[in-house]
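Below is one structure; the comments refer to it alone.
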2 protein chains.
Amino acid sequence: MTRREFGQYCGLARALELVGERWALLIVRELMARPGRYTDLLEELSGIPTNVLSTRLKELEEAGIVERRIAQAPQRGVVYALTEAGQSLQTAVIALALWGNARFDAHQVGYRVPLSSLVMALRATFDREAAGGVTASWEIRTAGAVLHAVVTDGQLTSGAGPAPTGPDLTITVAADAVPPYQELMRAIGLGEVELSGRRSLLETFADVFIPRSAGSVPADRQPHPPAEDVTGPAGVRRSRGRG
Amino acid sequence: MTRREFGQYCGLARALELVGERWALLIVRELMARPGRYTDLLEELSGIPTNVLSTRLKELEEAGIVERRIAQAPQRGVVYALTEAGQSLQTAVIALALWGNARFDAHQVGYRVPLSSLVMALRATFDREAAGGVTASWEIRTAGAVLHAVVTDGQLTSGAGPAPTGPDLTITVAADAVPPYQELMRAIGLGEVELSGRRSLLETFADVFIPRSAGSVPADRQPHPPAEDVTGPAGVRRSRGRG
DNA sequence: CTGCATCCACTTTGATACTG
DNA sequence: CAGTATCAAAGTGGATGCAG
């Protein structure tokens with residue numbers, strides 16, 4: 001076997017072979033919020049050992065999930081970005097994140113809020129219905145971090161860093177550290193923010209990003225009822241030893 | 001730190017702390033298809049070491065994902081089942097499985113098809129629209145394996161093992177080993193099956209379970225366009241050393 | 001038989017130091 | 001900036017043992 005495989009013809013097993021190693025999906029999450037360099041990742045993923053980061057990046061590149069790009073002109077150096085295959089992990093990443101969000105004991109003190117988690121939360125809570133026809137762009141600044149959300153005719157583009165086009169409205173939330181999404185949205189909802197730009201877009205923002213109650217999930221993906229309790233009448237159990 | 005934590009206030013990180021260890025999600029997948037005993041799991045997950053299985057089961061129980069039940073009457077012994085928190089992983093499991101399915105090189109020879117992967121595939125491809133108002137039950141038999149799908153007024157219940165109520169139609173597909181979902185559905189679509197019961201329900205079956213092209217995903221969960229290429233003009237980058 | 005616990009070789013991580 | 005190198009600790013895989 002090439003490398004730690006499960007040997008099952010099952011999409012889940014395959015997925016775990018590709019992105020199931022420790023730190024792998026967190027790297028993907030980072031790059032989902034914006035392409036970044038090795039040192040950006042080291043910083044954002046605080047705690048990841050350097051050798052593990054470089055190993056994962058190689059594996060993810062090998063697997064066609066991450067792309068190594070050589071940055072041009074002013075920046076130079078290596079920039080890592082997701083391939084299309086990598087982008088398409090977003091559905092799964094969001095599903096896992098919604099599930100995990102519902103399973104925090106409390107707001108752990110000392111836990112950092114990764115900027116990329118806010119970006120994912122924006123994408124997870126974006127309401128296509130409510131955004132129909134909307135075109136606007138926002139930049140959110142808090143505790144030295146910046147992220148943006150650009151809605152173009154109802155389509156969302158969001159990520160870490162300043163808005164590419166220059167935002168219609170900049171929302172600044174005072175905080176010592178990057179706040180969790182719910183707190184950020186609460187502050188915005190309560191107007192505990194500083195605005196710069198088209199202030200009327202604050203309301204639009206609140207309309208378009210609707211925090212679902214943590215862990216809730218779109219209706220067409222609700223879990224099905226569990227299979228029944230029993231292992232089946234003994235006589236009817238699936239025959240052993242195949243055949 | 002209690003045990004291998006990431007220390008990030010991020011749903012994804014939390015999810016990975018709880019179900020990110022090797023084999024954990026595969027155990028969840030098995031129990032999603034039906035509750036089972038230790039030895040069932042050992043058999044279905046062929047390859048898992050016994051100590052790893054028992055360690056994972058303890059961790060998953062500790063995390064409130066798996067429940068240990070003492071089976072009564074004829075069976076006796078321990079049966080493992082998912083709690084509600086465990087069930088609610090299904091969205092994420094399906095999302096990962098769809099992604100992974102699109103990333104098989106070919107049908108790997110020698111790879112077993114886990115019965116539970118077929119159950120997940122049924123649930124993933126169930127079309128609520130098409131199933132509106134339908135009430136019917138099917139049992140599928142192939143290569144000694146049995147699974148069922150019960151649709152009650154448009155609601156799906158499915159799992160490994162025989163249909164709890166006695167199926168309206170039994171579909172038997174001849175095969176040496178459990179076939180991958182696409183092959184199974186192709187055989188059914190082509191009528192290369194043996195039927196027993198209300199034969200007219202074969203068409204209903206094909207209408208209600210519509211294999212999406214592997215990796216495709218409901219529209220409201222499409223990935224958003226990637227954030228732009230660059231790390232941003234150097235001067236505007238997020239300030240280091242926290243603001 | 002089920003449901004593990006133990007032992008051991010091997011691999012992967014984590015932490016840190018160091019280099020082109 | 002973008003990694004290697006090194007080493008200890010933890011986790012995994014495989015085999016085996018054993019009680020209820």
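Order of the sequence lines fixes the chain letters, A, B, ..., with proteins taken first and strands second; residue numbering starts at 1 for each chain.
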Indicate the atoms forming the closest heavy-atom contact of [X] with [Y], along with that distance.
X	Y	result
A:W23	A:S46	CH2-O, 4.3 Å
B:L89	B:V28	CD1-CG1, 4.1 Å
B:R112	B:E44	NH1-O, 3.1 Å

Report yes if a side-chain nitrogen or oxygen of [X] is closer than 4.0 Å to either non-bridging phosphate oxygen (OP1 or OP2) of [N]; otherwise report no.
X	N	answer
A:T39	D:dG3	no
B:Y80	C:dC4	yes
A:R4	D:dG11	no
A:W23	C:dG14	yes
A:K58	D:dT4	yes
B:R22	C:dT11	no

Can you tell me how far [atom2] of [N] sits from [atom1] of [X], to the nearest Å?
X	N	atom1	atom2	answer
B:L53	D:dG14	CG	C1'	14 Å
B:R56	D:dT12	CZ	C1'	8 Å
A:R76	D:dG3	CZ	P	15 Å
A:L42	D:dT4	CG	C1'	13 Å
B:Y38	D:dG20	OH	C1'	15 Å
B:L45	C:dC4	CG	P	15 Å
B:I70	D:dG20	CD1	P	16 Å

For this session: Decide, yes or no, whether a salt bridge links A:E61 with A:K58 under the criterion of side-chain N to carboxylate O below 4.0 Å.
Result: no

Exercise. In terms of side-chain heavy atoms of A:E21, which of D:dG3, D:dT12, C:dT13 is nearest?
Worked result: C:dT13

Exercise. Given D:dT12, C:dG3, D:dT4, which nucleotide is nearest the side-chain atoms of B:R68?
Worked result: C:dG3

Exercise. Can a cation-pi geometry be assigned to A:R68 and A:Y38, taking NZ or CZ under 6.0 Å from the six-membered ring centre and within 45° of the ring axis?
Worked result: no

Problem set entry | Check: A:S196 side chain, A:T170 main-chain N or O, donor-acceptor pair, under 3.5 Å | no

Exercise. Quick one: do the B:S116 and B:E30 side chains pair a donor with an acceptor below 3.5 Å?
Worked result: yes

Exercise. What one-letter contact string describes nucleotides 15-20 of chain C from 5' to 3', where B marks a base within less than 4.0 Å of any protein heavy atom, S marks contact via sugar-phosphate atoms alone, and - marks no contact?
Worked result: BBB---

